[in-house]
Amino acid sequence: MQISSFSAEDYISQIPEERQVVFREIFNTVNDNLPEGFSQGSSYGMIGWAVPLETYPAGYHCTPGSPLPFISIASQKNFIALYHMGMYAKPELLDWFVEEYPKYSKRKLDMGKSCIRFKKMDDIPLELLAELSKKMTVEEWIDTYEKNFKKK
């Protein structure tokens, strides 16, 4: 379900009411714990954080001229999804998250390559998401991105 919005509050107001509180908690957790330098915005029908073009003028290779995406949150049809590009690009970060997840949630981890799906709103591991958000600086993300995705 793609929502077109220009602000986090606008986005949240358009998702189902029963998800709004939890979505806002996830948003605030990530926003409050990200290292300095990421900018919050919306793209691809989600809200998220990216490396601004002022910091990384090369931008995102998939969409030239746009900021380098890092973390996004979306309300999908049957779940809330958190997309973390750093876990997709850095296997040791993914391994850390998978190992830590059972310590913070009684639910089975439901995830794809960079997408963590939360189908039950009563057991979102906010403390773990806070730790995950702190794990990679802008500089580390740019370095990881260039090593993994930039054509040489």
Side-chain angles (χ1 to χ4, degrees), residues 1-17 19-77 79-101 104 109-118 121 124-152:
M1 135 180 172
Q2 276 210 339
I3 297 172
S4 59
S5 72
F6 297 101
S7 72
E9 282 306 314
D10 183 37
Y11 186 97
I12 292 169
S13 74
Q14 295 180 57
I15 64 176
E17 193 172 324
R19 288 189 188 173
Q20 290 181 7
V21 169
V22 171
F23 193 96
R24 188 173 276 108
E25 288 175 341
I26 295 169
F27 174 85
N28 289 337
T29 297
V30 173
N31 196 54
D32 294 348
N33 288 283
L34 273 177
E36 291 291 319
F38 291 102
S39 63
Q40 195 271 312
S42 65
S43 62
Y44 302 102
M46 302 179 277
I47 57 174
W49 297 265
V51 178
L53 290 170
E54 299 82 42
T55 304
Y56 188 65
Y60 188 35
H61 73 280
C62 292
T63 312
S66 65
L68 177 61
F70 182 57
I71 296 177
S72 298
I73 311 169
S75 180
Q76 305 292 5
K77 183 177 179 182
F79 54 87
I80 292 175
L82 184 141
Y83 300 86
H84 191 296
M85 295 298 288
M87 285 198 306
Y88 178 71
K90 196 169 183 180
E92 56 270 27
L93 182 58
L94 174 62
D95 293 345
W96 170 85
F97 184 81
V98 170
E99 185 177 313
E100 289 296 307
Y101 189 87
Y104 292 84
L109 178 59
D110 182 2
M111 92 180 274
K113 289 183 180 181
S114 73
C115 168
I116 307 161
R117 293 178 283 270
F118 301 108
M121 302 297 109
I124 308 292
L126 294 173
E127 289 179 40
L128 180 60
L129 296 181
E131 287 302 311
L132 175 63
S133 299
K134 295 175 187 177
K135 289 276 185 192
M136 191 175 279
T137 66
V138 167
E139 294 77 19
E140 290 169 317
W141 172 227
I142 292 169
D143 184 55
T144 301
Y145 171 75
E146 287 185 340
K147 285 179 182 170
N148 286 284
F149 301 109
K150 289 288 280 192
K151 294 179 183 172
K152 297 181 179 178

Audit row: W141, F38, side chain to side chain contact (heavy atoms under 4.5 Å, CB included) steps and yes/no: CA-CA 10 Å; W141 172 227; F38 291 102; 4.2 Å; yes
For a side chain to side chain contact (heavy atoms under 4.5 Å, CB included) check, start with the C-alpha distance between Y11 and S75, then their side-chain angles and the critical distance, and finish with the verdict. CA-CA 9 Å; Y11 186 97; S75 180; 4.1 Å; yes
For a quick test of your reading: what N or O donor-acceptor pairs under 3.5 Å do the side chains of residues 21-36 make, sequence neighbours left out?
{"residue": "R24", "atom": "NE", "partner": "E9", "partner atom": "OE2", "Å": "3.4"}
{"residue": "R24", "atom": "NH2", "partner": "E9", "partner atom": "OE1", "Å": "2.7"}
{"residue": "N28", "atom": "ND2", "partner": "R24", "partner atom": "O", "Å": "3.3"}
{"residue": "T29", "atom": "OG1", "partner": "E25", "partner atom": "O", "Å": "2.7"}
{"residue": "N31", "atom": "OD1", "partner": "W49", "partner atom": "NE1", "Å": "2.9"}
{"residue": "N33", "atom": "ND2", "partner": "T29", "partner atom": "O", "Å": "2.7"}

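Atom CD1 of I15 and atom CD1 of I47 lie 8.0 Å apart (nearest 0.5 Å). Separation of atoms CD1 (I142) and CE (M136) is listed at 11.5 Å; rounding is to 0.5 Å. Distance check: K135 NZ to T137 OG1 gives 12.5 Å after rounding to the nearest 0.5 Å. Atom CZ of R117 and atom CG of L109 lie 9.0 Å apart (nearest 0.5 Å). To the nearest 0.5 Å, the span separating CG on L68 from CE on M85 amounts to 7.5 Å. For the atom pair L94 CG and L132 CG, the distance stands at 10.0 Å (nearest 0.5 Å).
Looking at heavy atoms from C-beta onward, Y60 lies out of side-chain contact with V51 at the 4.5 angstrom threshold. Using a 4.5 Å heavy-atom cutoff, the side chains of Y101 and M111 are not in contact.
Sequence neighbours left out, the pairs with a member in residues 80-99 that pass side-chain hydrogen bond (donor to acceptor under 3.5 Å, both in side chains) are Q76-Y83.
When atom types are taken as modelled, the side chain of R19 and the backbone of F79 share a donor-acceptor pair closer than 3.5 angstrom.
Heavy-atom minimum distance, P52 versus P67: CA-CB, 4.3 Å. Scanning both residues, P69 and A50, for their nearest heavy atoms gives CA-CB, 3.8 Å.
In this structure, E127 places its CD atom where only 12 or fewer heavy-atom neighbours from other residues, nucleotides or ligands lie under 6.0 Å away.
Classification of the Y145-H61 ring pair by plane angle, with boundaries at 30° and 60°, yields tilted.
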